[in-house]
Amino acid sequence: MRTYILRRLALFPVTLLGVSILSFALIRALPADAATIRLGASGSACEECIAVVKKELGLDKSKPEQYLIWLGNALRGDFGLSTATRREITPELRDRFFTTLQLGLVTIFFTLAIGVPIGALSAVRAHSVSDYTARFFSILGLSVPNFWLGTLVIYLPAYWWGWTPVKQWRGLTEDPVTHFALLVLPALVLAIGASAYVARIVRSSMIEALYADYVRTARAKGLKEQSVVWVHVFRNAVLTLLTVIGLQFGLILGGSIVIEQLFGIPGMGSMAAKAVADRDHQTIQATTVTIAASFLTVTLIVDVLYAWADPRLRV
Amino acid sequence: MATEAQAGVLAVPGQRRIDFGLGKVRRFARRQPLGTVSAFVIAGLVLMAVFADAPFMRTTDPKEFGSDILVGPSADHWFGTNRNGQDLYSRVVYGARPSLMVGIATVLISVVGGTVLGLLAGYLGRFVDTLISRLAEVLLSFPAILFGLVVATWLGPGLRSVIIAISIIFTPVIMRIIRGGVLVERQRMYVEAARVIGCSEARVMFRHILPNIGPLVIVVASTTLPAAILAESALTFLGVGLPLGEPSWGNDLGPQARAYFNTAWWLAVFPGLALSLTVLAFNLLGDALRDELDPRLRGSGLGER
Amino acid sequence: MESTYWSRYWRARIRRRAFLAGTGMAALGAAGLSVGCGGGDDDKGGKATATAPQGGATQPAGSPTAAPAGKRGGTMRIAKASPDTGLDPHIIVTNPIHPAKAYSHLWTYQPSTKTVCYDLALEHEQVDPLTLRVKIRQGVKFQADVANGRELTAEDIAYSYTRFPVALTKGSQVNQIQWGWIDKIETPDKYTVVIKQKNPFASNVISLGSSAFAVVAKEVVEANGGDLMKVMNAGSGPYRMVKREPTGTRYERNPNYFQHDPPSPTYVKEGPYIDAWEESIIPDPATIKAKFIAGELDVLTVVNIDRLVADELGREKGIKVVKGPANGHLIMQFDNFKWTDKRLRQAIWLAIDRDAFIKNLYLGEGLYGGPTASEFAKEGYGLSQEELKKLQAFNPGDAKKLWQEASGSQTFPTIKMVTQRAIPIFATATEFVAKQLEQNLGVKVEVEVVDPATYVARAVAGFAEKAPKPWDLFIAWELSLQTIPDYNALAHYVPVGYGAIFGNLRPDSPKSDTAAFAGRMQQLWNAQAQELNQEARKQKVQELVRVIHQEYGPAVPLPVPEFAYAAFRDRVKNYPEKDFMYANAGTGLFRVHDIWLDA
């Protein structure tokens with residue numbers, strides 16, 4: 001077990017390095033850099049001006065050099081100044097990270113709250129009308145584009161009742177109640193899609209387990225139906241569920257851009273999207289590495305739990 | 001080689017063959033009503049996309065600037081018109097094309113790519129596995145939509161970049177799943193048997209293992225397609241993707257629909273319905289397939305490393 | 001406040017005028033015309049002319065310290081899609097609201113009434129065509145935490161207005177046209193500023209009214225490494241920025257704000273009415289609109305609202321919709337490196353059905369592009385709509401003939417156009433024009449739709465190398481700046497503006513025809529910019545516009561919308577109904593002092 005964990009941990013920095021190099025290369029492959037944008041937008045493109053701005057932004061050095069400088073700073077925990085706004089990245093990134101994290105946690109909560117009951121119901125009544133209905137609605141939630149759902153959620157109340165869920169943003173320390181209240185709807189919108197996966201996993205794991213040998217044995221032994229279902233069957237599902245949750249969490253961390261934009265949530269997703277538009281190299285590097293690190297951490301935890309439970313899978 | 005052919009024909013114990021006889025189809029239709037209906041819906045959609053400009057569809061040029069601005073559904077315009085006077089019905093019909101193209105192309109690229117890589121990684125193990133898995137991990141930990149955004153911006157607007165971007169995002173995921181399945185199959189007797197009689201690695205992978213993870217591949221493909229369609233619409237929402245004028249469901253749900261939401265409900269409803277219906281159909285079909293083939297997937301559970 | 005001869009003089013004049021006008025001081029921003037704004041009378045050679053105040057709250061005639069018309073207090077809630085990129089007023093002009101609130105200026109300019117509204121200044125005089133002399137108030141203090149709240153003097157103005165060349169090296173967006181005419185600034189005494197000009201400039205006073213000409217405290221600039229990009233407050237404006245975060249900004253009243261004297265009847269001695277401004281950053285325009293409808297935002301302007309939305313909102317309770325003159329310009333730039341054959345340019349010119357353009361894109365509410373805006377054209381700084389319609393007539397037959405005659409399809413087997421997605425009008429206009437050209441000229445057109453950053457890069461490509469651009473036709477949209485009768489529209493047609501950078505119209509172009517054309521356009525431009533006599537200037541601007549039409553270049557003016565719309569909740573009073581569109585681009589003509597909130 002320990003070697004497994006250590007081996008996985010050792011690969012961590014390798015992957016992160018890979019991510020940072022990929023991100024660095026990609027951003028610089030984009031047409032237009034921050035200097036050109038700043039000047040070009042006002043109709044100035046004189047060479048000295050561009051040279052000065054480039055120097056200020058550190059874009060005048062060679063690419064490998066730029067990367068190494070970035071790496072050196074990042075290892076010390078300093079993500080530098082944003083290429084676009086010249087503000088320090090680290091404090092803002094930290095705040096946004098926690099916001100996205102909270103959004104993720106609330107989403108996971110709702111995902112489980114919706115998905116598990118539906119999946120369990122489907123499994124216990126497999127191939128019946130309830131099963132089909134449950135599966136249908138579950139998948140329906142998955143099929144509607146979430147930005148569409150989000151728009152409806154924001155718009156319709158405004159027109160019908162003169163109210164929107166998008167209020168003035170309040171940080172966690174400012175006003176925790178409002179803060180969480182603001183996260184509820186976006187989390188629900190995200191959860192509606194994610195819960196379908198959960199429901200499906202729960203359903204298939206439970207079905208598989210319900211008809212498995214050891215369950216038959218337990219039934220034959222005379223154990224009550226309830227305990228059969230919950231103790232033996234659910235344990236089996238939980239493992240697979242863990243993996244899915246881990247995956248979902250990782251996806252949310254990196255993929256909530258759309259929802260953040262819609263609901264005006266200051267998370268990492270919108271920071272990253274804006275940075276791409278502004279060709280803000282430093283911010284993009286910082287956000288991708290942070291998101292990647294979180295994703296890797298989550299999957300590592302999940303895999304370790306999984307491997308601890310099932311030694312066959314310590315590949 | 002004769003010996004191999006004989007070995008194949010002899011049906012080594014434990015090896016399962018996939019049999020696509022009519023009986024299977026009928027059984028599917030009986031046990032998975034939702035899935036069957038979806039299959040028909042999909043067929044209809046594909047036909048609609050292919051025959052979009054046929055006279056019987058009664059579509060007009062979806063990019064023609066017309067003079068009936070923001071008119072509601074009527075005899076002339078079944079789905080109404082948009083801000084540019086374009087017939088929404090035509091736009092929705094033609095809009096099926098980019099969505100389906102993105103879905104199909106992405107599936108082809110990422111499923112084929114992912115399967116091949118998964119086979120290589122799962123079967124060959126060791127160095128190959130490490131290499132492929134590490135690369136996949138790098139891509140996987142890269143925030144997906146951001147990656148799509150950057151790649152699509154880099155490659156410029158258009159279907160091609162969207163397809164490439166989405167395919168690159170999906171391939172590692174699929175690779176992982178297939179790899180998981182291969183790892184399980186690798187333990188089985190028929191693999192051992194095939195190697196004993198001298199089959200080359202390639203042969204074992206593609207002629208023996210591949211058919212047995214067939215159901216897995218099918219299920220993966222059927223879930224990738226709708227995911228690709230949704231991903232394309234998300235990228236369009238974020239501003240990369242097809243140019244605004246092109247008929248595409250993602251575009252039609254864009255700024256216009258949301259700006260005139262209150263007064264022109266049809267702008268949002270029809271493309272939204274079309275998109276959701278398509279994705280729903282694919283998802284239901286995929287779900288039904290998975291349900292049917294599930295027992296055979298035991299041990300290769302999705303989401304596993 | 002010492003009572004100088006001048007202040008008594010002005011007070012007397014205004015009293016008389018108010019008496020004569022009968023309706024007294026106006027409640028609109030035109031109130032700036034009244035006491036606080038000296039009116040910029042004709043006899044002083046200032047650019048602005050005084051016109052009769054427009055309707056609004058009436059004043060008992062002749063009383064300079066009248067009771068305020070509005071209520072004090074309240075927080076104004078607005079929203080925008082993306083945060084500012086920097087706070088330095090001399091560098092970033094795309095955020096004009098900030099300097100309008102946090103800094104003071106010599107004056108602001110009101111385009112709708114053509115008046116100069118004094119802020120720091122007490123009077124101004126064009127001593128000779130190259131010298132502008134301004135007297136400023138005494139006792140104006142910087143904000144409490146800026147330079148210890150010391151007094152603002154002429155030195156500060158001189159320092160601020162000579163920062164521009166330095167700011168340019170930091171990537172300043174303030175165009176040279178706005179400040180390039182300033183040679184140096186002298187300060188004969190603490191409260192007098194003398195601006196020496198390099199050349200006569202008819203719009204110098206208007207130019208100085210831009211929010212870019214904010215007065216900053218030298219100490220703060222130096223303490224921050226030479227720029228104010230991250231500094232929230234470095235001036236003496238009516239509001240202080242207290243919060244700046246990715247989710248929004250907040251301004252609160254500056255308790256130290258100097259008192260205008262005599263005070264304007266629409267804003268009290270203690271400073272502006274509104275207590276605070278709360279601006280939220282909401283990336284999605286649909287969400288902004290939803291919030292406005294739900295009553296959580298007070299204003300919805302320009303970018304987020306067009307006629308259809310305005311109609312819809314007008315039916316809602318508690319919302320007021322106003323319609324004002326639009327000030328945008330749509331220009332289709334030629335790459336003047338390639339389009340040297342006049343016949344080809346003419347073919348393009350004739351091949352666009354502008355009436356259909358207006359009908360489709362502007363729902364029939366559009367005007368032929370001048371290029372100067374219709375407001376200015378109406379007074380003579382441009383051509384009339386009738387004349388423009390004739391000069392921009394649609395003639396596909398001739399267009400096709402010319403195109404073939406000049407072998408257009410050989411020079412341009414495919415016409416490449418570039419546009420961006422972010423602003424719908426760009427993309428739609430480009431597609432419309434592309435279709436027109438395809439239909440009417442029988443030529444293939446390829447439209448590349450890119451993201452805004454790449455769009456900018458494409459626009460300026462080729463400039464440094466004096467090389468052709470990666471496109472053939474390029475549509476750009478300009479919101480007018482307030483200076484010079486629409487210089488920003490004309491700026492695309494002359495080298496010194498954007499003509500050289502965006503259009504390859506440069507006097508040193510390797511293509512001799514283009515070089516000659518560029519030189520000519522520059523000359524015409526200089527002639528009108530330096531013409532101080534208004535009537536003569538009008539003639540010169542018209543000449544410039546006519547030449548553009550005769551040469552079918554260097555760019556094609558496209559039709560523009562006729563109106564801009566804004567919506568605000570009933571509680572907002574005195575919002576500049578005729579000038580609100582100027583609060584958006586780099587104009588900053590926005591006076592925040594006069595707006596008040598009812599409840």
Side-chain angles (χ1 to χ4, degrees), chain A residues 11 14-16 18-19 22-23 26-27 29-31 127 132 135-136 139-140 142-148 151 155 159 196-197 200-201 204-205 207-208 240 243-244 246-247 250-251 253-258 261 268-269 272-273 276-277 284 287-288 291-293 295-296 299 303 306 313 315, chain B residues 31-34 125 129-130 134-135 137-147 149-151 153-154 156 173 180 183 226 229-230 233-234 237-239 249-250 253 257-258 261-262 268 272 275-284 286-288 290-291 294-295 297-298 301-305:
Chain A
L11 292 170
V14 174
T15 313
L16 272 184
V19 170
L22 179 63
S23 149
L26 271 179
I27 300 307
L30 292 178
H127 298 296
Y132 290 128
R135 273 158 70 187
F136 179 81
I139 293 179
L140 183 64
L142 184 55
S143 308
V144 178
N146 62 3
F147 66 86
W148 190 234
T151 310
Y155 244 67
Y159 277 100
Y197 290 109
R200 179 195 286 160
I201 296 283
S204 62
S205 300
I207 285 184
E208 185 186 319
T240 333
T243 320
V244 172
L247 204 67
L251 288 175
L253 282 178
S256 58
I257 295 181
V258 166
Q261 298 257 67
M268 278 198 298
V276 172
I284 296 174
T287 43
T288 42
I291 294 175
F295 178 80
L296 286 172
T299 39
D303 284 347
Y306 215 108
L313 298 152
V315 181
Chain B
R31 283 165 54 98
Q32 303 289 347
L34 280 179
D129 185 14
T130 314
R134 286 309 120 231
L135 282 175
E137 195 166 56
V138 168
L139 277 176
L140 273 174
S141 21
F142 207 101
I145 298 201
L146 191 60
F147 185 81
L149 192 57
V150 172
V151 171
T153 308
W154 173 33
V173 179
L183 285 177
I229 296 181
L230 277 181
S233 72
F237 174 81
L238 289 175
W249 295 333
L253 286 178
R258 285 158 47 240
F261 186 86
N262 205 35
L275 182 59
S276 303
L277 195 69
T278 310
V279 174
L280 181 63
F282 277 110
N283 271 327
L284 284 174
D287 194 62
R290 173 198 305 264
D291 200 41
D294 203 336
L297 298 177
R298 188 180 316 161
L302 289 112
E304 235 178 79
R305 296 206 68 219

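Just so we're clear, the structure is a prediction, and the values are computed from it rather than from any experiment. Sequence lines set the chain letters: A, B, ... in the order given, protein chains first and strands last, and positions in each chain run from 1.
Summarising the geometry, atom CG belonging to B:L284 is positioned 11.5 Å from atom OH belonging to A:Y132; distances are rounded to the nearest 0.5 Å. Once rounded to the nearest 0.5 Å, the distance linking CG of B:N283 with CG of A:L142 reads 4.5 Å. Taken from OG1 in A:T15 to CZ in B:R134, the straight-line distance is 5.5 Å, to the nearest 0.5 Å. Between the CD1 atom of A:I139 and the CG atom of B:D287 there is a distance of 3.5 Å, given to the nearest 0.5 Å. Note that CZ of B:F142 and CG of A:L22 are 5.0 Å apart. Values are rounded to the nearest 0.5 Å. In this structure, CG on B:L149 lies 11.0 Å from CG on A:L26, to the nearest 0.5 angstrom.
Neither the backbone nor the side chain of B:L277 comes within less than 4.5 Å of any heavy atom in chain A. Contact annotation for B:F147: only side-chain heavy atoms (C-beta onward) come within less than 4.5 Å of a heavy atom of chain A. For a residue to count as touching a neighbouring chain, one of its non-hydrogen atoms must lie under 4.5 Å from one of that chain's; by this rule A:T288 touches chain B with backbone and side chain alike. Heavy-atom distances place both the backbone and the side chain of B:A268 under 4.5 Å from chain A. Contacts between B:L280 and chain A at a heavy-atom distance below 4.5 Å involve backbone atoms as well as side-chain atoms.
Note: A:V144 leads A:I284, A:V144, A:T287, A:V14 in heavy-atom pairs under 4.5 Å with chain B. With respect to chain B, the highest number of heavy-atom pairs below 4.5 Å among A:F147, A:Y197, A:F295 belongs to A:F147.
Of all the heavy atoms in B:S141 and A:V19, the pair that sits closest is OG-CG2, 3.9 Å. When all heavy atoms are compared, the tightest approach of B:L146 to A:A273 is CD1-N, 4.3 Å.
Using a 4.5 Å cut-off on side-chain heavy atoms (C-beta onward), B:P226 and A:S143 make no contact.
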Stepwise, does the side chain to side chain contact (heavy atoms under 4.5 Å, CB included) test hold for B:E137 with A:L296? CA-CA 8 Å; B:E137 195 166 56; A:L296 286 172; 3.6 Å; yes

